[in-house]
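Inspection log for the structure reproduced underneath, given as structure tokens.
Lettering of chains follows the sequences in order, A, B, ..., and the numbering in each one begins at 1.
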Protein chains: 2
Amino acid sequence: MKLKEFAKQVGLSPTTVSRALSGYPEVSETTRARVAEAAVRLGYSPNVNAVRLKTGRAGAIGVVMGRAGEFHFAEFMAGMAERLVAEEADILVIPMADPNHEDEMQLYRRLVESRRVDAIIVHSPKPNDERIALLHELGMPFLVHGRSAIDVPHAWLDIDNEAAIQRATSHLIDLGHRRIAMINGRPGATYALHRETGFRRALQIHGIEPDPQLMASGNFTDELGFRFARSFLEQPNPPTAFVAGSMMTALGVYRAARSLGLQIGRDVSVIAHDDVFPYLTADNMVPSLSATRSSMRAAGTRCADLVLQLLSGRSPLEIHELWPVELILRESTGPARQSTS
Amino acid sequence: MKLKEFAKQVGLSPTTVSRALSGYPEVSETTRARVAEAAVRLGYSPNVNAVRLKTGRAGAIGVVMGRAGEFHFAEFMAGMAERLVAEEADILVIPMADPNHEDEMQLYRRLVESRRVDAIIVHSPKPNDERIALLHELGMPFLVHGRSAIDVPHAWLDIDNEAAIQRATSHLIDLGHRRIAMINGRPGATYALHRETGFRRALQIHGIEPDPQLMASGNFTDELGFRFARSFLEQPNPPTAFVAGSMMTALGVYRAARSLGLQIGRDVSVIAHDDVFPYLTADNMVPSLSATRSSMRAAGTRCADLVLQLLSGRSPLEIHELWPVELILRESTGPARQSTS
DNA sequence: ACAAATAACCAAACCGTTTTCAATTTTAGA
DNA sequence: TCTAAAATTGAAAACGGTTTGGTTATTTGT
């Protein structure tokens, strides 16, 4: 049913009906009620595409999905969904064909040109992230999930990775660990750098020299967790503790330790970062996993909220949120055993 | 830049330009080339909302995301993305606020009415799935990922869960296992029923009576895998083998077995269904996990493809794909040990 | 060389809303 | 009671494309 037809049914002009439904003030309360009732009864709802054309709003916020198909993604989006379900806004997932840099910039450029989204959420930025510069230049509202050092005004939400990992590492040191390995995330991303900084700082405060042989980085997969942990543990002077970048990495570390007959929490300590997944909980691992913890889902919800604020005119410069991260100690961390050294 | 303006620049009418860009036949090849070149040079691209309004096409296919934030989801979408990146089609993720039944139907109804999507992909259908009936009734093109017994014509793509699990179970039986436990997926979903059927059939063929005490179902989480496996293993007459519904479930089973000092592949055998995740691979588990294997990502790609076919007029009745499932044997399955029986 | 067919292009109508601007009715003020 | 102001309502012009139904060149057939 079209507006024109519907308006005729109600006995009003399209103008008034449109206003009544959009909540404009210049329509009497009685008429509004009548229109609202009729809309429900006759099942009228405005054609989205017409509205979008006229208003210029896309009614959707975009999220670019890399090929990696990261498992964080679903949780983040579920979080966004929680906030957006009440709004008229959709989540538009933009497939990225190729991790090729040139193509990626083109993708963002086309996305902006095509006006399919009102705003974009940028994930895992690098310290000097060209996407941010581009979006700023193109005048597209956007929110960065993570942080970038780039000198361009932008809204962001991030968790305090540095403090989290520093605290986790310090805790391991307090337990007597001196050789601590770190399995970090994708090199290049700011969060990975922050974590490394936190790690190094903790060591430095306690006068421990970081050992490059005990630091690795890569995607958050069980395989890499296993491989790195295993190779570290097979070194002549193995680590007694691990700081792992994700739950998947931690799984790999657990397996590596076990495969060498080491008991976690006694022979080797492990702390991982937990983004809180409903399907894989640190508390239920055996032994339960000590973790720096911050809900990916909550971040998604808040990011959606902030994007909406951005769209209703709030300045990006005012939108900077740094979330603290909990450290939850469980069984996977224990005092360092007498080492061979 | 608008069409009118752009057309003027090129020295043609909007009509011709529009046709040239859309590949209509009644425009000369030289003109088309000229227009295409100018479009790139001047950075013209049609306003999506105008196109959508005029053509009536939304240019997006919808996927309803439940609150569970399932980890399969990201992989499936990544797969869709692979196919859709070449098209003009977007993926619209529709957040579902509430698992409440009434609300869910309302959500689908509103989604259809709002014309935001050209087609919908329905996940994890039940044998008698009202969403399918509703979408059919409303005349919205849709594809079911999974299967339903409902008596309404519809397109679907599914993997052969029944055959897969039957084969897996048979293999365990061939290895001498007689007490086999099954940890299935969400009760109610067709795939879970199919798996149960496959499981029962394998037992039946070999004259084994299924033991309800060894069958459980629930979400695909590590926690449930652990809890069920553990409780089964603590029974007086424990199972010697497990059929697990997912990788996460398998993780739980592994932990349960280990926590009881049982060695997987020797004391207890495990086969799980593997949807092929880049971040958690069966091959890298310790011991490596035997699995029925079918790529979620490939399914996503193919579903996207089939939806596009649906939209270009192919009949839903012709679109039924049942994918065979590989069985890959690794270290987690071995001969049944002499049991106490 | 001329009619008919074909190729290439264009003007204008239309998609279904929102919104500007003007018209009408109601209320308030004197 | 009459006028000015305020409250409601409507007509019509966008929004930016696509597509119908011509119109004008260009071939083709004889």
Side-chain angles (χ1 to χ4, degrees), chain A residues 1-36 38-39 42-60 88-90 110 112-118 311-312, chain B residues 1-36 38-39 42-60 88-90 110 112-118 311-312:
Chain A
M1 158 128 42
K2 313 180 188 188
L3 172 59
K4 211 168 162 182
E5 190 184 340
F6 174 62
K8 190 165 292 177
Q9 296 264 342
V10 192
L12 286 168
S13 74
T15 310
T16 308
V17 169
S18 171
R19 280 177 176 145
L21 292 175
S22 311
Y24 276 56
E26 61 263 75
V27 58
S28 80
E29 210 40 63
T30 52
T31 341
R32 184 192 311 291
R34 187 154 58 96
V35 172
L42 301 175
Y44 168 77
S45 67
N47 179 306
V48 171
N49 292 323
V51 173
R52 289 179 177 172
L53 170 58
K54 183 57 197 182
T55 62
R57 269 172 257 131
E88 81 275 24
D90 294 322
R110 274 208 308 274
V112 171
E113 269 167 11
S114 74
R115 301 183 199 75
R116 279 174 303 171
V117 295
D118 294 320
L311 288 176
S312 57
Chain B
M1 158 125 44
K2 314 178 187 190
L3 171 59
K4 212 168 162 183
E5 190 185 340
F6 174 62
K8 191 165 292 176
Q9 297 264 342
V10 191
L12 286 168
S13 75
T15 311
T16 309
V17 170
S18 171
R19 281 179 174 144
L21 292 175
S22 312
Y24 276 55
E26 59 263 76
V27 60
S28 81
E29 211 39 66
T30 53
T31 336
R32 184 193 312 290
R34 187 155 58 96
V35 172
L42 301 175
Y44 168 77
S45 66
N47 179 306
V48 172
N49 292 323
V51 174
R52 289 178 178 173
L53 170 59
K54 182 58 195 180
T55 61
R57 271 172 255 129
E88 82 275 24
D90 295 322
R110 274 207 308 273
V112 171
E113 269 167 14
S114 74
R115 300 183 200 76
R116 281 174 301 171
V117 295
D118 294 320
L311 288 176
S312 57

Between [N] atom [atom2] and [X] atom [atom1], what is the distance in whole Å?
X      : N       : atom1 : atom2 : result
K54(B) : dT18(D) : NZ    : P     : 10 Å
R57(B) : dG16(C) : CZ    : P     : 14 Å
N49(A) : dT18(D) : CG    : P     : 13 Å
L21(A) : dT19(C) : CG    : C1'   : 15 Å

Fill in: Exam field: side chain S18(B) to backbone P14(B), donor-acceptor pair closer than 3.5 Å
no

Worksheet item: Does any residue of residues 8-17 of chain B have a heavy atom under 4.0 Å from DNA chain C, and if so, which ones, in number order?
Response: L12(B), S13(B), T15(B), T16(B)

Discussion item. Quick check on the helix from dA1(C)-dT30(D) to dA30(C)-dT1(D): what's the angle between its two end axes, five base pairs per end, to the nearest 10°?
Written reply: 30°

Return no unless some side-chain N or O of [X] is found under 4.0 Å from OP1 or OP2 of [N].
X      : N       : result
T55(B) : dG17(D) : no
S18(A) : dT18(C) : yes
Y24(A) : dT9(D)  : no
Y44(B) : dG16(D) : no

Does [X] make a side-chain donor-acceptor contact with the base of [N], cut-off 3.5 Å?
X      : N       : value
R34(A) : dT8(D)  : no
R19(B) : dT20(D) : yes
K2(B)  : dC15(D) : no

Worksheet item: Would the number of heavy atoms belonging to other residues, nucleotides or ligands and lying under 6.0 Å from CZ of R34(A) be above 12?
Response: yes

Worksheet item: Looking only at heavy atoms, which two atoms of R115(B) and A58(B) are closest? And how far apart?
Response: O-CB, 3.6 Å

